[in-house]
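Step one of this worksheet: look at the structure below.
Only this structure's heavy atoms are used, side chains among them; waters, hydrogens and symmetry mates stay out.
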Amino acid sequence: MNRDDHRFMARAIRLAKLGLYTTNPNPRVGCVLVKDGVMVGEGYHLRAGEPHAERNAIADAGAKAKGSTAYVTLEPCCHHGKTPPCSDGLIEAGVSRVVAAMQDPNPLVAGKGMQQLHDAGIQVEFGVLESEAKAINPGFIKRQHTGLPYVRCKLAMSLDGRTAMASGESKWITSPEARMDVHRLRARSSAIVTGIETVLADDPSMDARLDNVDVVQPLRVVLDSNLRMPPEAKMLGLDGEVLIACGAAANQQRQQALELAGAEVLRQDEVSERIDLESLLRKLAEREINEVMLETGAVLAGSYMAAGLIDELVVYIAPHLMGAGARGLLEIPGLERMQDRVDLEIVDLRQVGRDLRITAKPVRSE
C-alpha cells in the first residue's frame, strides 16, 4: 500500500457518502478506478435495485477500466441479488488490482468476493482507511453481525439539562440550525422510533425534510401498547410508511381504524403490557432496517439506555436555562450509586447554530 492508495480510497469514501440518504437497505459504497496514477472512472451506489458503485465506475471509465486499479469502500459483492455480482463486472472489465477498505460483513460475501477476484488473477488488498469506511455503514455492519440495527438516540436540552417546561411546552429548545441538523440525521436513518406519549403531546411529522436533497423517507415506528394512536395523526397523512407496535391484547377495532388510516400494526408475541424493546429492534432488523433514530421522551429513552440498546447519543445543548421545575433529559431506573453511572465516550463535539452538539457512545465492558 502507498500514499496514492489512501488518496484514492479517500475519494471513494467521499463518493460513498453521496448515497447517505438513499441506499437503504443496502450499504453506502463508493468506487474509483485509477490507471497510471490518473483517475479514469468513479461511481457510487445511489439506491437499492440500481447499479452498484463498481458497475457505475466501470461504466464511467469505459475501455480505460482495463488494467486499472479499483478502489472500493466495501468488498465487491459476488452473489446475485437485484443486480448482478460486482466481482463479475470487475473481472469482465479487466481490472488488474482491487483495493477494498473493508470486508463485507454479509455472510453471502464475507471474503468470497475478493477470493473470486484473486482466483481470476487479480491482485487484491484489504484494509486501506478501514475505520473510515466502517463509519459510513454502522447499521449495515451491526445488523449483519448481531441481528440488531444501530440505534442512535437524539436528545435536546437546555444548559441545565431540561427538555421541556413542567407543562410539557418544548418548542423550541434548540436553534433552527440544530433542527435542520436533526433532519439530516433523520434522512440517514432507516427508521425513526417514538412513543405514543410524544405523538399525543406533539402530533409530530417524524419525516425528513431537506431542501433540494433526494431522501428516502424512513419508516416511522410508534410504540403504543394500547393503540391510543389517533387515526387522524399527522404522520399518517404523509409520504412514507408508519408502523405501530402494540401489545398482544390491544383493541382490535382500534387496530382496524389505524390500518384504514394507512398504518401497519405489529402486535408483539409476548403477553405483556410493555413492548419488548429488543424484540422490536430484531423485527426491524429482519425488515432490513440498518439505522434507527430514537426521538422519544425521557422515560422511553431511559428504558432503551437501561436495556443497553443505544449505540450512540446525539445531544443538542441550547444556551439557556429552564429551571428546576422543568423536565429532565433521561429517566434511567436503578442508578443509585456513583458506580451505577452510565459511562460515555464523547466522539464528536461541535457548534451547530447557537447550540452545541455532543455525540457520545456508551462505554461497555467487553
Side-chain angles (χ1 to χ4, degrees), residues 1 4-106 108-109 112-114 116-118 120 122-130 132-141 187-188 212-216 290:
M1 298 180 189
D4 282 345
D5 287 346
H6 287 80
R7 178 163 63 95
F8 291 124
M9 187 62 78
R11 174 58 184 167
I13 288 172
R14 287 195 294 273
L15 288 168
K17 291 178 180 179
L18 295 177
L20 191 65
Y21 305 141
T22 54
T23 63
N24 187 69
N26 291 352
R28 301 124 181 170
V29 183
C31 179
V32 170
L33 298 183
V34 177
K35 192 171 184 179
D36 299 325
V38 177
M39 214 160 39
V40 296
E42 61 180 28
Y44 64 96
H45 183 46
L46 177 62
R47 197 180 302 271
E50 296 184 7
H52 290 186
E54 298 93 324
R55 296 271 180 179
N56 286 330
I58 291 167
D60 186 42
K64 294 179 181 179
K66 187 171 183 179
S68 67
T69 294
Y71 295 90
V72 60
T73 58
L74 183 69
E75 176 184 7
C77 64
C78 57
H79 66 287
H80 286 269
K82 293 180 180 178
T83 58
C86 292
S87 54
D88 288 353
L90 292 166
I91 294 169
E92 293 161 3
V95 303
S96 61
R97 178 173 176 242
V98 174
V99 181
M102 60 171 290
Q103 187 178 91
D104 192 330
N106 185 342
L108 293 174
V109 185
K112 302 182 184 73
M114 294 294 260
Q116 182 186 352
L117 296 170
H118 179 269
I122 297 173
Q123 181 183 349
V124 298
E125 295 178 40
F126 269 124
V128 177
L129 300 185
E130 182 175 8
E132 291 84 348
K134 286 182 175 179
I136 306 170
N137 292 299
F140 179 78
I141 294 168
R188 69 168 293 164
N212 303 315
V213 177
D214 188 16
V215 174
V216 175
N290 291 326

If we only count heavy atoms from C-beta on, is the [X] to [Y] side-chain gap below 4.5 Å?
X: Val99; Y: Thr69; value: yes
X: Glu132; Y: Met9; value: no
X: Ser96; Y: Gln123; value: no
X: Arg7; Y: Val34; value: no

First locate atom [atom1] of [X], then atom [atom2] of [Y], and finally report the distance between them rounded to the nearest 0.5 Å.
X: Tyr71; Y: Arg11; atom1: OH; atom2: CZ; value: 14.5 Å
X: Met102; Y: Leu129; atom1: CE; atom2: CG; value: 13.0 Å
X: Lys112; Y: Cys77; atom1: NZ; atom2: SG; value: 12.5 Å
X: Leu90; Y: Ile58; atom1: CG; atom2: CD1; value: 4.5 Å
X: Cys31; Y: Tyr44; atom1: SG; atom2: OH; value: 14.0 Å

Should Ile13 and Ile136 be marked as a side chain to side chain contact (heavy atoms under 4.5 Å, CB included) after you check the CA-CA gap, both sets of side-chain angles, and the distance that decides it? CA-CA 8 Å; Ile13 288 172; Ile136 306 170; 3.6 Å; yes
Looking at every non-hydrogen atom in both residues, tell me the closest pair between [X] and [Y] and how far apart they are.
X: Ala135; Y: Arg188; value: O-NH2, 4.3 Å
X: Leu33; Y: Ala61; value: CD1-CB, 3.7 Å
X: Val29; Y: Ala53; value: O-CB, 3.4 Å
X: Pro76; Y: Val98; value: CG-CG1, 4.2 Å
X: Ser87; Y: Gly113; value: CB-O, 4.3 Å
X: Asp5; Y: Val128; value: O-CG1, 3.7 Å

For the residue pair His45 and His52, categorise the inter-ring angle as parallel (less than 30°), tilted (30 to 60°) or perpendicular (more than 60°).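 Perpendicular, since the angle between the ring planes exceeds 60°.
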Donor-acceptor contact below 3.5 Å, side chain Thr73 vs main chain Gly30: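 Judged by distance alone, yes, a pair lies under 3.5 Å.
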Looking at Asp104 and Asn106, would you say the former's side chain and the latter's main chain have a donor-acceptor pair under 3.5 Å?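 Side chain of Asp104 to backbone of Asn106, a donor-acceptor pair under 3.5 Å: yes, one is there.
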Pair listing, salt bridge (Lys or Arg N to Asp or Glu O under 4.0 Å) test, anchored in residues 50-78, at least two apart: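 For residues 50-78: Arg47-Glu50.
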Any pair counted as salt bridge (Lys or Arg N to Asp or Glu O under 4.0 Å), so long as it reaches residues 19-31, sequence neighbours left out: Arg28-Glu291
Side-chain donor-acceptor pairs of residues 15-24 under 3.5 Å, sequence neighbours excluded:
from  : atom 1 : to     : atom 2 : distance (Å)
Thr22 : OG1    : Leu46  : O      : 2.5
Thr23 : OG1    : Asn26  : O      : 3.0
Asn24 : OD1    : Ser190 : OG     : 2.7

List the steps, then state whether side chain to side chain contact (heavy atoms under 4.5 Å, CB included) holds for Gln116 with Asp88. CA-CA 9 Å; Gln116 182 186 352; Asp88 288 353; 2.7 Å; yes
